[in-house]
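Read the structure below first, then the notes.
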Amino acid sequence: MDTLVDIVLLAFLAVSAIAILRLRDLFAMAMMFGLFSLISAGLFTTMDAPDVAFTEAAVGAGISTILILATLAQTARREQSPARRRVLVPLAVVWITGAVLIYGTADLPGVGDPAAPAHNHVAPHYLQESSREIGIPNVVASVLASYRGFDTLGEVVVVFAAVVGVVALIGLRRRPPGVVEGPAALSEHDVLKVIAKLVVPTILLFALYVQFHGEYSPGGGFQAGVIFAAAIILYALVFGLDAARGVIPPKLLNVMPATGALIYGGVGLVTMLLGGNYLEYDRLAADPQAGQHLGILLVEIGVGVTVSSVMLLIYFSFAERGRGKLRDDGEAGP
Amino acid sequence: MIAAAILAILVTMVLAVIRALLGRTVYDRILAVNVFGTKTVLLIAALAFWSGRPDILDIALAYALINFIGVVAVLRFFEYGAAEGDEVQGK
Amino acid sequence: MSFLAHFNYYVAIILAMIGFYTMISRTNLVKKVAGLNIFQVSVFILFISLGVLDGGTVPILTETHTLYSNPLPHVLILTAIVVGVATTAVALALAVRIREAYGTVEEEQIQAKDDQP
Amino acid sequence: MSALLIDLLSWVLIVVGGAFGVIGGIGLLRLPDFFSRIHAASLTESMCAPCIIAGLMLQSGMTLVTVKLVFLVIFLFLTSPTAAHVLAKAAIHGGLDPGALRDADAERRG
């Protein structure tokens, strides 16, 4: 049954990827893109990777699709046919590259082969020693936050750098006073408003559960941060940008990405001051396992703060820019 | 027996994907993607029981949330009467 | 048997090539970003496939299971997804700026405007 | 005895839910215009999901899993009809005519 689900989902993926390639209506393409992400997240679930599926569902199907839609609202809704069609050269390049890669798979071990090199180096150590050294059941969380903690710090800094890039490019412009918000498309959907009021707090609560239960079930700072941001984005979609920006004071939101990264890095410095190595959580408490718990908790909070505020800042930048469009030329944009 | 449920869900997903590809109007596509999303939620719930690891039910919950937000986002940015070309009139 | 054992790799490569083709043959910048994302997902699938273990289960330790899939690719891909969306956001922000500066996001028209003295 | 009964009931619910799902899918694919499709999709949808999830609940008994399933079904029950409602409203605003099919039918019959 697992194989069947696997094959059907992979076939769906290929079909929707071809649809993304062929659709000229970019709104339809964005929808197929959301579908593509949903399917791939389902695939990760069948391949025993719930943490990855969680992240892909929240990030790929949620945030990426919303960002593509927001961009389309500010650029063009249809793809134009180019004057001369480039087909032959790209096709040749793609077929040759694909053939070489397929040839390369001949040497790869089969999927699920226990003798594969990937299963015989560090992975057994993580799986066997994690419960003794770290003391939490979710091995993905223990590898993420403890064994490879320094690597994850790097990822958090990359996410921080990305938001600096986005804000530098399309920044948070101050709106001139007296400009009112453009017509909100969803303002007359009363049913949606009521349901959104019920749903948004539930999502926020769920985000907290994901954040703090990540040691025992799929979840953690990355997923929780994205879900938290998604709840506020839903609020912004239904009640307008100004209402959503009132939820978190802009000054606080602007310092949150850096704060999260600093919490993460600060934990490392504290462990050094306590006489250990960088991010060696054992030193944080008398009992090494308690120290690991505390360290992972703090680090995941740092990740959650950074990721949620970064996603929100990116969305607000796009939406604010789109509103500027509406005022300038009244043409595109919500 | 859960296998039967998984099969039924997969069949429904195939039908929804075909509708999403055929489209006609943008709204048909949104509808098909929405149906596909709820079916994925059910598929994950069923798979959780099939594999005996109910931990992964959390993912089904996250899915349901994101699916809803996705539909609202599409409508928000699509606005009213904004379709160009043949997409809306096609019947 | 060998075909089924390698099936995931083949689909990952097909997806990568569809994404690659979208990037080099289409001129619309937003579509190129979508192609880049397809390519990215194909790499994710390849990595997660490498972590699957026959008879293994979700890498959350319990008393009833002894075989677990490899957690390392999960960690790498989990962070890669979040970094991926951050870079996608930068690319889309660039597209928005290009549209403001050139009035279009089609590569050919941008080139044509650049070529004008 | 009661264990067998609960098992039986759960299977019946799951099969009925699956059947509703497939019927909704066929309707989504085969019906002639958007408003009849949304009817098929959302009506059967709100039968399919609760049936299957109720079946799974009976399988899991009184555990944390059931609590999660309850949340799931409440959430789906709130959002799924809302999405359908918003979609239909947006389609009407977007210029789709709910009566188009009936008018065409009347015209054909003369």
Side-chain angles (χ1 to χ4, degrees), chain A residues 10 13-14 17-18 20-21 26 33 40 44 47-52 55-56 59 63-64 67 71-72 74-76 79-80 82-83 86 90 94 98 101-102 105 108 110-112 114 118-119 123 126-127 131 137-140 143-144 148 152 155 158-159 162 165-166 169-170 222 307 314 321, chain C residues 2 5-11 13-15 17-18 20-22 24-28 30-31 34 37-38 41 45 48-54 56-61 68-72 74-75 77-79 81-83 85-90 92-97 99 105-106 108:
Chain A
L10 284 169
L13 271 184
I18 291 172
I20 292 174
L21 171 66
L26 292 176
F33 185 79
S40 59
F44 294 144
M47 293 201 287
D48 295 330
D51 281 279
V52 180
T55 320
E56 174 67 27
V59 166
I63 308 284
S64 288
L67 288 183
T71 310
L72 288 179
Q74 292 170 55
T75 55
E79 184 189 12
Q80 292 167 11
R86 290 177 298 177
V94 163
L101 287 174
I102 297 266
T105 61
L108 282 178
V111 174
H119 298 307
Y126 291 151
L127 287 169
S131 55
N138 186 353
V139 186
V140 175
V143 177
L144 180 89
R148 298 184 60 89
T152 310
E155 312 277 7
V158 171
V159 173
V166 170
L169 279 168
I170 57 175
F222 283 102
V307 171
I314 289 176
R321 197 81 177 183
Chain C
S2 164
H6 285 79
F7 185 72
N8 284 31
Y9 303 146
Y10 298 144
V11 177
I13 290 170
I14 291 170
L15 286 176
M17 289 307 114
I18 293 173
F20 189 29
Y21 182 74
T22 314
I24 58 180
S25 74
R26 301 295 140 145
T27 56
N28 187 294
V30 180
K31 202 147 192 183
N37 268 290
I38 296 177
V41 169
I45 292 172
I48 300 295
S49 302
L50 289 172
V52 175
L53 182 63
D54 278 334
T57 176
V58 175
I60 296 172
L61 304 177
Y68 301 97
S69 63
N70 191 341
L72 187 57
H74 299 186
V75 174
I77 296 311
L78 195 159
T79 48
I81 290 174
V82 179
V83 170
V85 73
T87 48
T88 303
V90 177
L92 291 173
L94 273 172
V96 168
R97 281 308 292 264
R99 154 78 203 225
V105 285
E106 301 286 335
E108 285 181 336

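Values reported hereafter were calculated over all heavy atoms of this structure, with side chains retained and with hydrogens, waters and symmetry mates removed.
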>> Please classify the contact of C:V105 with chain A as side chain, backbone, both or neither, using a heavy-atom distance under 4.5 Å.
In response: side chain
> Which pair of non-hydrogen atoms, one from C:I18 and one from A:A17, has the smallest distance, and what is that distance?
Replying inline: CG2-O, 3.8 Å
> Relative to chain A, which of C:G56, C:G51, C:P59 shows the most heavy atom pairs under 4.5 Å?
Replying inline: C:P59
>> Checking the side chain of C:H74 only, and the main-chain atoms of A:V139 only, is there a donor and an acceptor separated by less than 3.5 Å?
In response: no
> Do you know the tightest heavy-atom contact between A:V94 and C:M17?
Replying inline: O-SD, 3.4 Å
> At their closest point, which heavy atom of A:G98 faces which heavy atom of C:I13, and how far apart are they?
Replying inline: O-CG2, 4.0 Å
> Out of C:T57, C:L92, C:V85, which one racks up the most heavy-atom pairs below 4.5 Å with chain A?
Replying inline: C:L92
> Looking at A:E56, A:R148, A:E155, which has the largest count of heavy-atom pairs under 4.5 Å with chain C?
Replying inline: A:E155
>> Minimum heavy-atom separation for C:L78 and A:V52, please, with both atom names.
In response: N-CG2, 4.4 Å
>> Looking at every heavy atom in both C:S49 and A:V111, which two are closest together, and how far apart are they?
In response: O-CG1, 3.8 Å
> Is chain C contacted by the side chain of A:L21, its backbone, both, or neither, given a heavy-atom distance below 4.5 Å?
Replying inline: both
> Tell me, side chain or backbone of C:I81 under 4.5 Å from chain A's heavy atoms, or both, or neither?
Replying inline: both
> From C:E106 CD over to A:T75 OG1, what is the distance, rounded to the nearest 0.5 angstrom?
Replying inline: 9.5 Å
> Among A:A14, A:P50, A:S131, which residue forms the greatest number of heavy-atom pairs with chain C at distances under 4.5 Å?
Replying inline: A:P50
> What pair of heavy atoms forms the shortest contact from A:Q74 to C:V96, and how long is it?
Replying inline: OE1-CG1, 3.4 Å
> With sequence neighbours left out, what residues match A:T55 under side-chain hydrogen bond (donor to acceptor under 3.5 Å, both in side chains)?
Replying inline: A:Q223
>> Can you tell me how far apart CG (C:N28) and CD (A:E79) are? Round to the nearest 0.5 Å.
In response: 5.0 Å
>> List the residues meeting side-chain hydrogen bond (donor to acceptor under 3.5 Å, both in side chains) with C:N70, not counting sequence neighbours, and say none if there are none.
In response: none
> Of the backbone (N, CA, C, O) and the side chain (C-beta and beyond), which part of A:S64 lies under 4.5 Å from a heavy atom of chain C, both, or neither?
Replying inline: both
> Any side-chain heavy atom of A:F44 within less than 4.5 Å of one from C:I45?
Replying inline: yes
>> Using a 4.5 angstrom heavy-atom cutoff, name the option from A:L26, A:L101, A:T105, A:T152 with the most pairs to chain C.
In response: A:T105
> Knowing that exactly one of C:V82, C:V83, C:T79 qualifies, which makes a side-chain contact (heavy atoms from CB on, under 4.5 Å) with A:V158?
Replying inline: C:V83
>> Checking the side chain of A:H119 only, and the main-chain atoms of C:S69 only, is there a donor and an acceptor separated by less than 3.5 Å?
In response: no
> Out of A:L13, A:V307, A:V159, A:L108, which one racks up the most heavy-atom pairs below 4.5 Å with chain C?
Replying inline: A:L108
> When rounded to the nearest 0.5 angstrom, what is the spacing between CG in A:L10 and CG in C:N8?
Replying inline: 5.0 Å
>> Is C:V58 close to chain A through its backbone or its side chain, or both, or neither, when contacts mean heavy atoms under 4.5 Å?
In response: both
>> So which residue, C:T88, C:I14, C:T22, C:I77, ends up with the most heavy-atom pairs under 4.5 Å with chain A?
In response: C:T22
> If you count heavy-atom pairs under 4.5 Å with chain C, which of A:A162, A:A118, A:P90 comes out on top?
Replying inline: A:P90
